[in-house]
J.: 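Sending over a structure as structure tokens; questions will come in a sec.
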Amino acid sequence: MKGSKRQRAGNVEAQASDEPAAAATGSAEQRQDLARGMVDYINISWTPYHAVEEASRRLLEAGFQHISERGAWEIKAGGKYFFTRNMSTIVAFAVGEKWAPGNGFNMIGAHTDSPCLKLRPVTKNTKSGYLLVNVETYGGGLWYTWYDRDLGLAGRVLMRSGEALQHRLVKIDRPILRIPMLAIHLQRDIHTAGFKPNLQTNFSPILATTVKAQLDKPAADAAASSSTSAAVKSTDTANKHHTVLMELLAKELGSKPEDIVEFELNLCDVQPATIGGIQDEFVYAGRLDNLAMSYISLQALIDSCKEADSLKEETGVRAVALFDHEEVGSDSAQGAGGPVMRDTIKRVAAALSNGEEGAVERTLVSSFLVSADMAHALHPNYTDRHEPDHQPKFHGGLVVKYNANQRYSTNAVSAGLFSELARRKGLPCQEFSARNDMACGSTIGPILSSNLGCRTVDVGIPQLSMHSIREMCGTDDVAIAYNHFLAFYEEFSKLDKLLDVDSLPPPNIIGKLRDPPCHHIH
């Protein structure tokens with residue numbers, strides 16, 4: 001056997017440490033199936049709207065009942081429900097058959113949005129013989145990774161249908177746009193000065209050349225002039241958007257350009273997500289942050305209550321909430337900073353408690369949130385960017401995130417309960433804490449915990465290339481996270497009964513009343 005004794009010992013130790021996780025997460029084929037399922041979900045979910053539409057489809061197939069926030073809710077113990085807000089946020093929940101007033105929600109929260117480029121209200125831009133489109137950056141993307149990528153379009157369109165308006169989703173999954181890089185011959189100092197594009201002037205995607213666009217203009221003009229009303233309707237649109245773009249959207253939707261009233265469209269990399277690596281151990285994809293956690297939490301909820309008696313002994317409410325707008329601060333009606341989750345808990349608790357005093361407040365304080373957002377894996381080329389004793393690695397399990405300044409909501413109680421679930425299932429866990437000399441990111445965890453007043457733990461799958469147009473994570477971590485979340489839904493209510501820190505007797509205080517004062521000013 002080649003290699004030093006230390007290397008061989010390390011390999012044996014690594015193999016031994018992987019065995020419990022492998023046993024707890026099923027066979028290699030089962031782990032690959034979970035990863036492939038996530039890849040399929042990501043490939044469908046180009047935008048938050050598509051992610052919510054696909055989640056809705058899966059929930060309906062699993063027997064969940066669609067309800068509307070605008071209507072009255074008839075909630076029953078043992079029932080499974082979901083609703084959407086703005087078609088970019090979705091909340092699903094299953095009520096335990098033994099739920100009692102004051103019992104909590106056991107919920108996992110993630111988000112459907114990712115950094116991307118969005119079309120502006122006026123996209124039309126013609127320059128130097130090219131048809132360009134005006135875009136706005138959304139979130140904190142690694143924007144240089146968007147150069148020289150084949151880009152499609154996806155999002156939602158508001159359409160006119162007679163006197164009514166329709167909400168339609170669209171996805172153009174072929175390369176129609178590109179942001180070309182400037183040749184090195186025209187920027188010889190790029191390796192010394194760095195690549196520093198101006199995102200206003202150097203970042204406009206090319207749609208077509210004016211020469212080619214002009215070839216179709218006579219036909220388009222003839223079609224537009226065939227109806228006076230159509231011409232009037234399309235005047236404003238023609239001033240704001242290139243004709244070829246509107247015709248393409250209309251063709252995809254099976255309508256006429258003048259029927260398009262408004263749209264919200266994202267640019268998306270057309271390269272599909274895939275499983276890769278010599279051992280098929282990696283997932284390469286865009287939007288892993290945070291569609292990976294969205295998929296896993298959704299699938300865990302569905303599978304936790306798929307049997308007829310799955311909720312028979314459940315005393316809580318199992319829930320998942322996938323929010324929009326996390327990447328820009330969550331402050332919106334459909335973001336985690338809005339009222340959607342608090343409204344959900346209040347309405348369900350009120351509907352099931354028959355007006356019992358304090359039922360809503362007791363439910364809020366009894367609830368537990370797992371804030372699920374991707375985590376930073378140790379980068380082999382930049383190991384100095386991690387705190388030396390907090391270096392999450394692929395295949396090492398969910399990362400529990402800590403920050404003393406409340407950028408994450410994890411504390412000893414929430415981490416202890418969540419890690420205990422992993423211990424009981426033989427699943428690994430890791431820890432992350434940012435360096436003192438580097439800023440720490442944040443999640444929906446602190447936002448929701450302060451809004452709801454519930455215990456919260458921040459966790460995530462370790463990944464590389466976060467906020468790049470192409471990111472990567474480990475396939476085994478998908479299975480580990482899924483099984484950890486499944487255990488949370490199925491067993492947390494029982495575990496939670498074993499600990500209530502606010503009902504414990506006072507601690508044994510060391511010291512005497514007559515001890516000398518500390519002289520600190522309090």
Side-chain angles (χ1 to χ4, degrees), residues 48 51-52 55 69 83-86 88-93 104-115 138-141 287 289-294 296-298 301 317 319-349 360-361 363-376 398-415 417-418 432-434 439-461 466-467 485 488:
V52 166
E69 286 192 284
F83 68 88
T84 66
R85 180 177 286 194
N86 190 52
S88 59
T89 288
I90 186 168
V91 177
F93 56 93
F105 273 59
N106 304 327
M107 47 194 167
I108 301 177
H111 63 90
T112 59
D113 62 320
S114 303
Y138 175 87
R287 306 178 301 283
D289 176 20
N290 194 36
L291 290 180
M293 305 311 300
S294 295
I296 296 167
S297 56
L298 176 71
L301 174 66
V317 178
V320 66
L322 310 180
F323 298 96
D324 196 1
H325 293 156
E326 189 276 343
E327 296 293 355
V328 292
S330 296
D331 288 333
S332 69
Q334 55 270 18
V340 60
M341 202 62 224
R342 191 176 184 90
D343 288 350
T344 303
I345 296 175
K346 288 174 64 177
R347 292 186 69 172
V348 172
V360 172
E361 291 76 10
T363 294
L364 285 167
V365 78
S366 298
S367 296
F368 191 99
L369 169 69
V370 177
S371 169
D373 206 346
M374 299 295 279
H376 297 293
L398 277 170
V399 179
V400 180
K401 308 175 187 178
Y402 297 81
N403 184 262
N405 298 298
Q406 296 301 295
R407 300 293 289 168
Y408 303 128
S409 290
T410 307
N411 61 23
V413 173
S414 62
L417 288 168
F418 190 75
F432 174 79
S433 179
C440 180
S442 192
T443 67
I444 62 174
I447 296 169
L448 284 171
S449 63
S450 59
N451 185 24
L452 302 178
C454 65
R455 298 159 296 165
T456 303
V457 62
D458 271 290
V459 305
I461 286 178
M466 187 179 288
H467 287 195
F485 287 174
F488 170 73

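If you read the sequence from its start, that first residue is 1, and numbering goes on from there.
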J.: Which distance, rounded to the nearest 0.5 Å, do you find between the OG1 of T443 and the CG of N403?
T.: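 Between T443 OG1 and N403 CG, I get 10.0 Å after rounding to 0.5 Å.
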
J.: What verdict does the side chain to side chain contact (heavy atoms under 4.5 Å, CB included) test give for F323 and V340, after you've listed the backbone C-alpha separation in whole Å, the side-chain angles of each residue and the deciding distance to 0.1 Å?
T.: CA-CA 9 Å; F323 298 96; V340 60; 3.2 Å; yes

J.: Could you grab the distance from atom OG1 of T363 to atom CD1 of I345, nearest 0.5 Å is fine?
T.: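 Interatomic distance, T363 OG1 to I345 CD1, rounded to 0.5 Å: 8.0 Å.
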
J.: Would the distance check show the side chain of T410 and the main-chain N or O of V457 forming a donor-acceptor pair, the cut-off being under 3.5 Å?
T.: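 Checked: no pair found.
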
J.: So L322 and S297, do their side chains get closer than 4.5 Å, heavy atoms only?
T.: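 Answer yes - side chains close enough.
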
J.: Run through S330, S88, S332 and flag the one making a side chain to side chain donor-acceptor pair (under 3.5 Å) with H325.
T.: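 Among S330, S88, S332, the one that satisfies the side chain to side chain donor-acceptor pair (under 3.5 Å) with H325 is S332.
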
J.: With a 4.5 Å limit on heavy-atom distance, are the side chains of T89 and H111 in contact?
T.: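 No, side chains not in contact.
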
J.: By ring pair (Phe, Tyr, Trp, His ring centres under 6.0 Å), which residues pair with F105, not counting sequence neighbours?
T.: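 Residues passing ring pair (Phe, Tyr, Trp, His ring centres under 6.0 Å) with F105: none at all.
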
J.: Run S409 and T456 through side-chain hydrogen bond (donor to acceptor under 3.5 Å, both in side chains) and show every step you take.
T.: CA-CA 6 Å; S409 290; T456 303; 5.0 Å; no

J.: How close do L301 and A319 get, counting heavy atoms only, and between which atoms?
T.: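 The pair with the smallest heavy-atom distance is CD1-N, 4.2 Å.
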
J.: Could you tell me whether the side chain of L398 reaches within less than 4.5 Å of the side chain of F485, counting heavy atoms only?
T.: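 Yes, close enough: below the 4.5 Å cut-off.
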
J.: If you compare all heavy atoms of D331 against all heavy atoms of G337, which two are closest, and at what distance to 0.1 Å?
T.: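 Shortest heavy-atom contact: OD1-CA, 4.3 Å.
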
J.: Under 4.5 Å between any side-chain heavy atoms of V399 and V459, yes or no?
T.: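 Answer no - side chains too far apart.
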
J.: Using 0.5 Å steps for rounding, measure from the CD1 atom of I444 to the CG atom of L369.
T.: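 Here the rounded value is 6.5 Å.
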
J.: For a quick test of reading the model, state the closest non-hydrogen atom pair linking K346 to V360 and the distance between them.
T.: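 Minimum heavy-atom contact is CG-CG1, 3.5 Å.
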
J.: Kindly determine whether R85 and D324 satisfy side chain to side chain contact (heavy atoms under 4.5 Å, CB included), including the steps that lead there.
T.: CA-CA 9 Å; R85 180 177 286 194; D324 196 1; over 6 Å; no

J.: If you define the side chain from C-beta out and look only at heavy atoms, does anything of V320 sit under 4.5 Å from M107?
T.: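 No - every pair of side-chain heavy atoms lies 4.5 Å or more apart.
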
J.: Distance check, rounded to the nearest 0.5 Å: M374 atom CE versus H467 atom NE2?
T.: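 M374 atom CE to H467 atom NE2 measures 10.5 Å (nearest 0.5 Å).
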
J.: Y408: which residues meet the ring pair (Phe, Tyr, Trp, His ring centres under 6.0 Å) condition with it, sequence neighbours left out?
T.: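 Result, ring pair (Phe, Tyr, Trp, His ring centres under 6.0 Å) vs Y408: none returned.
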
J.: Holding to ring pair (Phe, Tyr, Trp, His ring centres under 6.0 Å), I want the full list of residues that pass it with F418, two or more places apart in sequence or in another chain.
T.: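 For F418 the ring pair (Phe, Tyr, Trp, His ring centres under 6.0 Å) partners, ignoring immediate neighbours, are H484.
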
J.: Sequence neighbours left out, what pairs pass salt bridge (Lys or Arg N to Asp or Glu O under 4.0 Å) with at least one residue falling in residues 445-457?
T.: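 Residue pairs passing salt bridge (Lys or Arg N to Asp or Glu O under 4.0 Å), neighbours aside: R455-D496.
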
J.: Of the non-hydrogen atoms in N451 and G338, which two are nearest, and what is the gap between them?
T.: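 Smallest heavy-atom distance, with atoms named: ND2-O, 3.6 Å.
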
J.: Are I461 and I296 side-chain neighbours, meaning at least one heavy-atom pair lies under 4.5 Å?
T.: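 In contact.
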
J.: In Å and rounded to the nearest 0.5 Å, what is the CG to CG distance from N411 to D458?
T.: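 Spacing of CG (N411) from CG (D458) equals 10.5 Å.
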
J.: Ignoring hydrogens and angles, tell me if any N or O in the side chain of S114 forms a donor-acceptor pair with the backbone of D289 under 3.5 Å.
T.: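 A pair under 3.5 Å: yes.
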
J.: In the structure I gave you, are the side-chain heavy atoms of F368 and S414 within less than 4.5 Å of one another anywhere?
T.: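 F368 reaches S414 side chain to side chain.
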
J.: Shortest non-hydrogen contact from D113 to E327?
T.: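 Taking D113 first and E327 second, the nearest heavy atoms are OD2-N, 2.9 Å.
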
J.: Contact between P446 and Q406 at the side-chain level, heavy atoms closer than 4.5 Å - yes or no?
T.: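 The answer is no, as the side chains (C-beta and beyond) never meet within the 4.5 Å cut-off.
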
J.: Could you work out, with ring pair (Phe, Tyr, Trp, His ring centres under 6.0 Å) as the rule, every residue matching Y138, not counting sequence neighbours?
T.: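 Y138 satisfies ring pair (Phe, Tyr, Trp, His ring centres under 6.0 Å) with no residue once adjacent residues are dropped.
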
J.: Mind checking the OG1-CE spacing from T112 to M293? Nearest 0.5 Å is all I need.
T.: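 Between T112 OG1 and M293 CE, I get 14.5 Å after rounding to 0.5 Å.
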
J.: Could you please spell out the steps behind the side chain to side chain contact (heavy atoms under 4.5 Å, CB included) verdict for E69 and T84?
T.: CA-CA 8 Å; E69 286 192 284; T84 66; over 6 Å; no

J.: Before giving the answer on side chain to side chain contact (heavy atoms under 4.5 Å, CB included), spell out for I90 and F83 the whole-Å C-alpha distance, their side-chain angles and the decisive distance to 0.1 Å.
T.: CA-CA 6 Å; I90 186 168; F83 68 88; over 6 Å; no

J.: Could you tell me which residues satisfy salt bridge (Lys or Arg N to Asp or Glu O under 4.0 Å) with E361, sequence neighbours excluded, listed by chain and number?
T.: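 Applying salt bridge (Lys or Arg N to Asp or Glu O under 4.0 Å) to E361 gives none.
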
J.: Specify the closest pair of heavy atoms between C454 and S367, including all atoms of both residues, with the distance to one decimal.
T.: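 For C454 versus S367, the nearest heavy atoms are CB-O, 3.5 Å.
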
